[in-house]
Amino acid sequence: MKGKENIKLKNLRVENGFTYQDMADKLKICKAYYWQIEHNNRRVTYQMAKEIAVMFHLKPDDIFYDETN
């Protein structure tokens, strides 16, 4: 799935009014690293997936598991 944008994650970020920089700041990473996660150019660790899911009151699978694969 490399290079294919994570639409679920993007939609959650946008719907909640967060920028790439906001997300990066919350996760204590640089903006480019977060952008790579959202665009599936970098793998997300389970710990980071949990942190992202908590921000949106979801489970990691709700955001990062693609049922079409």
Side-chain angles (χ1 to χ4, degrees):
M1 203 159 146
K2 185 173 181 172
K4 182 179 173 189
E5 189 174 36
N6 183 326
I7 297 301
K8 293 177 194 176
L9 182 55
K10 178 184 178 179
N11 287 343
L12 285 167
R13 177 180 57 78
V14 171
E15 288 167 8
N16 285 275
F18 296 140
T19 65
Y20 290 122
Q21 189 64 58
D22 293 333
M23 293 296 293
D25 290 346
K26 290 175 184 296
L27 296 166
K28 297 178 178 64
I29 58 175
C30 71
K31 182 171 92 171
Y33 190 113
Y34 177 79
W35 185 94
Q36 290 174 339
I37 291 170
E38 195 170 294
H39 287 81
N40 288 311
N41 291 329
R42 187 177 290 256
R43 288 181 182 246
V44 64
T45 65
Y46 184 69
Q47 182 60 40
M48 192 173 296
K50 286 189 342 185
E51 291 175 30
I52 293 169
V54 166
M55 285 184 223
F56 300 116
H57 309 287
L58 296 169
K59 296 177 186 170
D61 283 355
D62 295 335
I63 302 169
F64 297 100
Y65 179 71
D66 185 359
E67 294 177 13
T68 61
N69 286 342

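Quick caveat: nothing in here was measured; it's all calculated off a predicted structure. Side chains are part of it too, since the values below use all heavy atoms of this structure and drop only hydrogens, waters and symmetry mates.
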*asked:* Using side-chain heavy atoms (C-beta onward) and a distance below 4.5 Å, is Ile37 in contact with Leu9?
replied: yes

*Return the minimal non-hydrogen interatomic distance between Arg43 and Tyr33, and the atom names on each side.*
O-OH, 4.3 Å

_Minimum side-chain heavy-atom gap Lys8-Phe56 below 4.5 Å_ = no

_Leu27 side chain near Met55 side chain, heavy-atom distance below 4.5 Å_ = yes

*Do you know the tightest heavy-atom contact between Pro60 and Ala53?*
N-CB, 3.5 Å

*Exercise: identify the closest heavy-atom pair between Asn6 and Ile63*: ND2-O, 3.4 Å

*Separation of Lys50 NZ from Leu58 CG (nearest 0.5 Å)*: 15.0 Å

*Measure the spacing between CD of Glu15 and CZ of Arg13 and express it to the nearest 0.5 Å.*
11.0 Å

*Can you tell me how far the CD1 atom of Ile29 sits from the CE atom of Met23, to the nearest 0.5 Å?*
8.0 Å

_Qualifying residues under salt bridge (charged side-chain N to carboxylate O under 4.0 Å, His left out), relative to Lys10, sequence neighbours excluded_ = Glu5

*Measure the shortest side-chain to side-chain distance between Gln21 and Tyr34 over non-hydrogen atoms and say whether it is less than 4.5 angstrom.*
no

_Would you compute the distance between atom CZ of Phe64 and atom CG of Asp61 and round it to the nearest 0.5 angstrom?_
10.0 Å

*Beyond-backbone contact of Phe18 with Leu12, side-chain heavy atoms, under 4.5 angstrom*: no

*First locate atom NZ of Lys28, then atom CD of Glu51, and finally report the distance between them rounded to the nearest 0.5 Å.*
7.5 Å

